[in-house]
Amino acid sequence: MELDLRTVMRHFATGVGVVSSWTEDPGEPGGRRHDAVTVNSLIPVSYDPPLVALSLRHGSAFLADLLTAGFWGVSILAADGADTARTLARPREHRAEALRTLPASPGPHTGALLLDGPGWMECALADSITVGDHLMVIGTVLATGVRAPQNPLVFLHGALTPATAA
């Protein structure tokens with residue numbers, strides 16, 4: 001029997017968000033080089049203490065930056081965020097160009113960029129666990145915020161899909 005996890009998981013809807021971090025770079029404005037990637041692997045791990053986890057592929061330059069910084073921001077994307085999600089799923093040089101124009105502001109606790117969307121959080125690295133071809137990073141949630149309720153963007157059947165609230 002052949003296992004085809006990818007095909008089965010295409011039937012499981014997941015939320016879509018953007019994870020951001022930065023590293024020191026004296027050549028960049030403010031001395032920071034910001035980066036952000038699209039994720040759909042964000043999960044709550046604990047509410048007391050507040051912990052979340054996300055998985056990033058080994059060898060990812062973004063993962064290396066996140067581990068160096070020790071913190072990150074998460075922006076939950078609304079149904080109209082598909083273009084942002086696609087752009088931030090591209091290689092680093094394309095993401096850097098997009099980050100110069102996307103509506104975002106540094107979070108008050110980490111300085112990681114927070115994009116417009118229905119919700120956000122800032123996290124500090126608490127632990128990491130190797131899980132197959134990914135590293136699961138677990139973060140202590142330092143701050144959260146919500147904006148006006150909006151329909152979410154989900155990933156389903158291999159596509160970014162606007163969802164309507166039930």
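Computation of the quantities below employed the complete heavy-atom set of this structure, encompassing side-chain atoms and omitting hydrogens, waters and symmetry-equivalent molecules. For clarity, every value in this text was computed on a predicted model and none was experimentally measured.
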According to the side-chain hydrogen bond (donor to acceptor under 3.5 Å, both in side chains) rule, which pairs have a member within residues 77-87, sequence neighbours left out?
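Pairs touching residues 77-87 that pass the test: Asp83-Arg86.
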In terms of hydrophobic clusters joined by side-chain contacts under 4.5 Å, are [X] and [Y] together?
X: Ile76; Y: Leu99; result: no
X: Val18; Y: Val37; result: no
X: Val141; Y: Ile138; result: no

Ignoring hydrogens, what is the shortest heavy-atom contact between [X] and [Y]? Give both atom names and the distance.
X: Gly111; Y: Pro106; value: O-CB, 3.6 Å
X: Gly73; Y: Leu114; value: CA-CD2, 4.0 Å
X: Ala124; Y: Leu142; value: CB-CD1, 3.9 Å
X: Asn151; Y: Ala163; value: CB-O, 2.9 Å
X: Ser21; Y: Ala69; value: OG-CB, 3.5 Å
X: Gly139; Y: Cys123; value: CA-CB, 4.3 Å

Would you be so kind as to tabulate the donor-acceptor pairs closer than 3.5 Å made by side chains of residues 152-161, with sequence neighbours excluded?
unit_1: Thr161; atom_1: OG1; unit_2: Ala159; atom_2: O; d: 3.3

Find the distance between [atom1] ([X]) and [atom2] ([Y]) and round it off to the nearest 0.5 Å.
X: Met9; Y: Asp4; atom1: CE; atom2: CG; result: 12.0 Å
X: Thr110; Y: Met121; atom1: OG1; atom2: CE; result: 12.0 Å
X: Thr23; Y: Asp35; atom1: OG1; atom2: CG; result: 8.0 Å
X: Arg147; Y: Ser75; atom1: CZ; atom2: OG; result: 7.0 Å
X: Arg92; Y: His94; atom1: CZ; atom2: NE2; result: 13.0 Å
X: Trp120; Y: Ser20; atom1: CH2; atom2: OG; result: 11.5 Å

Where at least one partner belongs to residues 61-90, residue pairs that pass ring pair (Phe, Tyr, Trp, His ring centres under 6.0 Å), sequence neighbours excluded:
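Applying ring pair (Phe, Tyr, Trp, His ring centres under 6.0 Å) to every pair that reaches into residues 61-90, excluding sequence neighbours, yields Trp22-Phe71.
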Review item, side-chain donor-acceptor pairs of residues 127-135, under 3.5 Å, at least two apart:
none

Can you find a heavy atom in the side chain of Val19 that is under 4.5 Å from one in the side chain of Leu56?
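In short, these two side chains do not touch, never coming nearer than 4.5 Å.
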Determine whether Val137 and Leu63 make a side-chain contact, defined as any pair of heavy atoms from C-beta on separated by less than 4.5 Å.
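In short, these two side chains touch, coming nearer than 4.5 Å.
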Result block: side-chain N/O donor-acceptor pairs under 3.5 angstrom for residues 40-53, not counting sequence neighbours:
unit_1: Asn40; atom_1: ND2; unit_2: Thr14; atom_2: OG1; d: 3.0
unit_1: Ser41; atom_1: OG; unit_2: Ser55; atom_2: N; d: 3.1
unit_1: Ser41; atom_1: OG; unit_2: Ser55; atom_2: O; d: 3.2
unit_1: Ser46; atom_1: OG; unit_2: Asp48; atom_2: N; d: 3.3
unit_1: Ser46; atom_1: OG; unit_2: Asp48; atom_2: O; d: 3.4
unit_1: Ser46; atom_1: OG; unit_2: Pro49; atom_2: O; d: 2.7

Listed partners of Glu28 passing side chain to side chain contact (heavy atoms under 4.5 Å, CB included), at least two apart
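Scan of Glu28 (side chain to side chain contact (heavy atoms under 4.5 Å, CB included), adjacent residues dropped) gives Asp25, Arg33.
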